[in-house]
Asker: 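Take a look at this one; I'll ask things after.
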Amino acid sequence: MSYGPTVTIASTERPLTGSIPAVDAAQVGALVRGARQHRGLTQAQLAERLNTSQSAVHRIEQGAQNLSLEMIGRISAALDSELITVGAPKRTHLRVEGGHQLSGRIEVNSSKNGAVALLCASLLNHGRTVLRNVARIVEVDRILDVLRSIGVRATWAPNGRDLEIVRPESLDLAAIDVDAAVRTRSIIMFFGPLLGLEPAFELPYAGGCDLGTRTVEPHMIALRRFGLDVTATAGHYQARVTPGSGDLSIVLTERGDTVTENALMAAAGRDGVTTLRNASPNYMVQDLCFYLEQLGVRIEGIGTTTLRVQGRTRFENDVEYTVSEDPVEAMSLLTAGIVTGSEITVARVPIEFMEIELATLAEMGQEYTLSPEYVAYNGRTRLVDVTVHPSELRAPIDKIHSMPFPGLNIDNLPFFAVIAARATGSTLIHDWVYENRAIHLTDLTRLGADVRLMDAHRLQVNGPTRWRGAEVSCPPALRPAVVILLGMLASTGTSVLRDVDIIARGYEQLAERLIELGARIETFRD
């Protein structure tokens with residue numbers, strides 16, 4: 001049932017008995033390990049299914065075993081997970097039989113956005129970084145591809161969740177994997193750590209979701225104060241750094257998460273005190289602060305909009321850090337229960353970053369209960385278990401809109417479109433940051449919802465909806481794609497969501513996790 005990344009062999013002329021290149025073997029090995037662990041199998045159990053030895057399975061997962069396409073096919077069959085395609089890559093789709101209630105308990109995975117920032121920050125450390133409980137998602141894989149291409153050694157532990165990162169003394173930026181870099185906007189966060197390490201460097205243009213014009217200028221405004229000068233050329237950013245000295249006080253023109261993270265990493269890599277004002281205190285920023293503290297950076301004001309950072313030019317520490325839980329995945333799973341009128345428990349919810357969402361749901365009539373608080377594995381983040389109960393929802397009196405933390409999370413806003421479609425009355429949703437995301441949410445009309453686009457940033461949602469199944473092409477943006485999938489869970493009959501690979505950018509095995517709660521979802525390819 002997996003619809004995560006696969007390795008594609010482009011040529012259809014390759015014989016099935018041929019072996020695949022070493023770089024592909026390493027990628028396939030990681031995929032085999034992840035699929036085996038998801039199936040709950042040991043290496044010995046997989047070896048038994050393949051009629052081979054456990055040591056052979058170990059070599060395969062380490063990328064040290066020559067693999068034939070025939071063996072890849074046997075492994076795929078044993079794990080019920082297509083790991084490789086020959087010729088043009090097959091498109092992945094989901095068939096959803098909706099209209100059924102869900103039940104059970106499910107734990108929130110670790111933060112995608114937190115993991116990406118920590119991977120970028122690991123460039124600051126000349127020692128060994130171990131990140132625990134890292135999300136196994138496409139966005140993480142792309143950043144790892146970039147890191148490995150410039151000489152960083154990144155090794156997954158046998159448990160498939162912990163990642164050891166060791167950077168070389170000198171980074172080979174000329175060898176950067178451009179293909180991986182241009183497919184993720186997160187490459188923009190290489191600027192912060194690199195400007196303290198390299199006098200001149202080049203980065204490919206940032207990519208990511210189709211969400212309209214998202215200027216990088218707020219990053220540049222902040223980083224110019226650290227001596228960064230960037231010239232845009234054909235397909236690349238040309239960067240030159242003129243190091244400064246002494247204390248800095250910087251006001252960020254945009255309280256953005258990645259802008260704050262970039263400035264934080266730049267501040268961590270310089271001698272002196274840097275004061276960042278109008279900084280984001282959001283969850284991924286706090287994760288980054290906690291890691292930097294373990295690295296030896298002194299940070300005052302964590303969780304506020306003013307950060308005082310005492311950095312230094314070199315770190316050689318062996319550090320371990322556990323990534324915190326993802327409030328956006330928590331909202332996704334809670335929404336699955338809400339729109340299907342179900343009672344489910346979502347465990348390990350980072351409550352500090354969900355309070356406005358829960359308050360908004362309560363205003364709409366959603367009933368839920370919270371467990372006592374407990375502490376995350378990082379020793380800092382406060383967690384609760386949230387149980388949602390079947391409820392009669394009503395439209396809120398005021399509009400629903402996101403705000404910088406501690407407001408409603410911008411990535412959680414799209415889920416209120418499908419929730420509002422279940423509520424009685426008219427709800428105005430204002431997505432003031434992205435030009436195109438509101439447009440993608442109008443695909444809910446295909447499922448019977450009354451969603452009207454007021455302008456590029458505002459939606460009017462009228463409910464309650466008489467949901468019906470339909471075939472929909474996946475929007476080219478992560479959160480709207482998941483919203484359509486959740487709407488299909490509420491829709492009577494059978495729905496098909498086509499070309500769902502974008503969901504794997506930010507979610508690990510989402511369809512399988514929903515199936516654990518009783519959702520009826522089938523993965524198919526053509």
Side-chain angles (χ1 to χ4, degrees), residues 96-102 328 330-344 346 354 356-368 386-402 408-432 434 437-472 475 477 479-495 497 514 517 519:
V96 182
E97 182 184 315
H100 303 286
Q101 285 191 321
L102 309 179
V328 182
M331 187 68 201
S332 309
L333 297 171
L334 289 171
T335 301
I338 292 168
V339 300
T340 56
S342 306
E343 180 171 306
I344 65 169
V346 179
M354 288 288 293
I356 303 300
E357 285 83 341
L358 291 174
T360 303
L361 289 171
E363 182 189 351
M364 298 177 72
Q366 178 63 48
E367 298 179 8
Y368 59 85
V386 181
T387 301
V388 292
H389 309 283
S391 305
E392 294 294 325
L393 301 182
R394 58 184 177 272
I397 297 175
D398 197 5
K399 68 179 182 296
I400 300 178
H401 62 103
S402 62
L408 192 149
N409 190 309
I410 190 169
D411 285 334
N412 282 339
L413 182 66
F415 299 106
F416 282 92
V418 69
I419 293 171
R422 192 173 184 273
T424 299
S426 180
T427 302
L428 180 64
I429 295 178
H430 186 196
D431 191 350
W432 55 271
Y434 300 118
R437 193 164 67 174
I439 295 172
H440 297 319
L441 293 170
T442 60
D443 283 346
L444 287 170
T445 59
R446 302 285 301 279
L447 302 173
D450 183 358
V451 179
R452 304 180 185 183
L453 188 67
M454 310 294 287
D455 54 47
H457 295 276
R458 295 184 304 156
L459 290 170
Q460 181 177 316
V461 184
N462 300 308
T465 297
R466 295 184 62 181
W467 298 100
R468 61 176 183 270
E471 182 169 315
V472 182
R479 309 306 174 187
V482 176
V483 166
I484 301 303
L485 174 59
L486 298 179
M488 288 179 171
L489 295 181
S491 302
T492 56
T494 299
S495 299
L497 185 59
L514 292 171
L517 294 172

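Here, residue 1 is the first one in the sequence, and each next residue gets the next number.
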Asker: Working to the nearest 0.5 Å, report the span between CD1 of Ile400 and CD of Glu357.
Answerer: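 Those atoms lie 10.5 Å apart.
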Asker: Applying salt bridge (Lys or Arg N to Asp or Glu O under 4.0 Å), can you list everything that pairs with Glu392, at least two apart in sequence or on another chain?
Answerer: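 Here no residue qualifies.
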Asker: To the nearest 0.5 Å, how far apart are CZ in Arg437 and CD1 in Ile410?
Answerer: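 If we round to the nearest 0.5 Å, Arg437:CZ and Ile410:CD1 are 5.5 Å apart.
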Asker: List in chain and number order the residues that pass side chain to side chain contact (heavy atoms under 4.5 Å, CB included) with Pro464, two or more places apart in sequence or in another chain; answer none if no residue qualifies.
Answerer: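 Pro464 satisfies side chain to side chain contact (heavy atoms under 4.5 Å, CB included) with Thr424 once adjacent residues are dropped.
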Asker: With rounding to the nearest 0.5 Å, note down the distance linking CZ in Phe416 to OG1 in Thr360.
Answerer: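 Reported value, rounded in 0.5 Å steps: 5.0 Å.
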Asker: Distance check, rounded to the nearest 0.5 Å: Phe415 atom CZ versus Ile338 atom CD1?
Answerer: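 One finds 11.0 Å between CZ of Phe415 and CD1 of Ile338.
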Asker: Leu334 and Met354: side-chain contact (heavy atoms from CB on, under 4.5 Å), yes or no, with the steps?
Answerer: CA-CA 11 Å; Leu334 289 171; Met354 288 288 293; 3.7 Å; yes
Asker: Which residue is it: Val482, Thr335, Leu441? I am looking for the one with a side chain to side chain contact (heavy atoms under 4.5 Å, CB included) to Val418.
Answerer: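 The single option meeting the side chain to side chain contact (heavy atoms under 4.5 Å, CB included) with Val418 is Thr335.
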Asker: Mind checking whether Asn412 and Ser402 have side chains closer than 4.5 Å, heavy atoms only?
Answerer: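 No, their side chains stay 4.5 Å or more apart.
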Asker: Once rounded to the nearest 0.5 Å, what's the spacing between atom NE2 of His389 and atom CD of Gln366?
Answerer: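 If I round to the nearest 0.5 Å, the distance is 8.5 Å.
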Asker: Test side-chain contact (heavy atoms from CB on, under 4.5 Å) on Met331 and Asn409 and set out the steps.
Answerer: CA-CA 10 Å; Met331 187 68 201; Asn409 190 309; over 6 Å; no
Asker: By side chain to side chain contact (heavy atoms under 4.5 Å, CB included), which residues pair with Leu517, not counting sequence neighbours?
Answerer: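 In terms of side chain to side chain contact (heavy atoms under 4.5 Å, CB included), with neighbours along the sequence ignored, Leu517 is linked to Leu102, Ile106, Ile344.
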Asker: Working to the nearest 0.5 angstrom, can you tell me the gap between Leu393 CG and Glu367 CD?
Answerer: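 With rounding to 0.5 Å, CG (Leu393) is 9.5 Å from CD (Glu367).
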Asker: Under the side chain to side chain contact (heavy atoms under 4.5 Å, CB included) rule, collect the residues that match up with Ser426, sequence neighbours excluded.
Answerer: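 Gln460, Asn462.
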Asker: Side chains of residues 484-494: which donor-acceptor pairs under 3.5 Å do they make with residues two or more places apart or in other chains?
Answerer:
unit_1: Ser491; atom_1: OG; unit_2: Gly487; atom_2: O; d: 2.8
unit_1: Thr492; atom_1: OG1; unit_2: Trp467; atom_2: O; d: 3.2

Asker: According to salt bridge (Lys or Arg N to Asp or Glu O under 4.0 Å), who are the partners of Asp455, at least two apart in sequence or on a separate chain?
Answerer: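 Here the qualifying residues are Arg458.
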Asker: Name all residues meeting the side chain to side chain donor-acceptor pair (under 3.5 Å) criterion together with Ser332; count only those two or more places apart in sequence or in a different chain, and write none if there are none.
Answerer: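 Here the qualifying residues are Tyr507.
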Asker: Which residues pass the side chain to side chain donor-acceptor pair (under 3.5 Å) test with Arg468, sequence neighbours left out?
Answerer: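 Partners of Arg468 under the side chain to side chain donor-acceptor pair (under 3.5 Å) test: none.
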Asker: Quick one: side chain to side chain donor-acceptor pair (under 3.5 Å) partners of Arg466, sequence neighbours excluded?
Answerer: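 Partners of Arg466 under the side chain to side chain donor-acceptor pair (under 3.5 Å) test: none.
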Asker: Does Thr465 have any side chain to side chain donor-acceptor pair (under 3.5 Å) partners at least two apart in sequence or in another chain, and if so, which?
Answerer: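 For Thr465, no residue satisfies side chain to side chain donor-acceptor pair (under 3.5 Å) once neighbours in sequence are set aside.
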Asker: Which residues satisfy the salt bridge (Lys or Arg N to Asp or Glu O under 4.0 Å) test with Glu343, sequence neighbours excluded?
Answerer: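 With sequence neighbours excluded, Glu343 shows a salt bridge (Lys or Arg N to Asp or Glu O under 4.0 Å) to no residue whatsoever.
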Asker: Please verify the inter-ring angle class for His401 with His430; under 30° counts as parallel, over 60° as perpendicular, anything in between as tilted.
Answerer: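 Rings of His401 and His430: tilted, as their planes differ by 30° to 60°.
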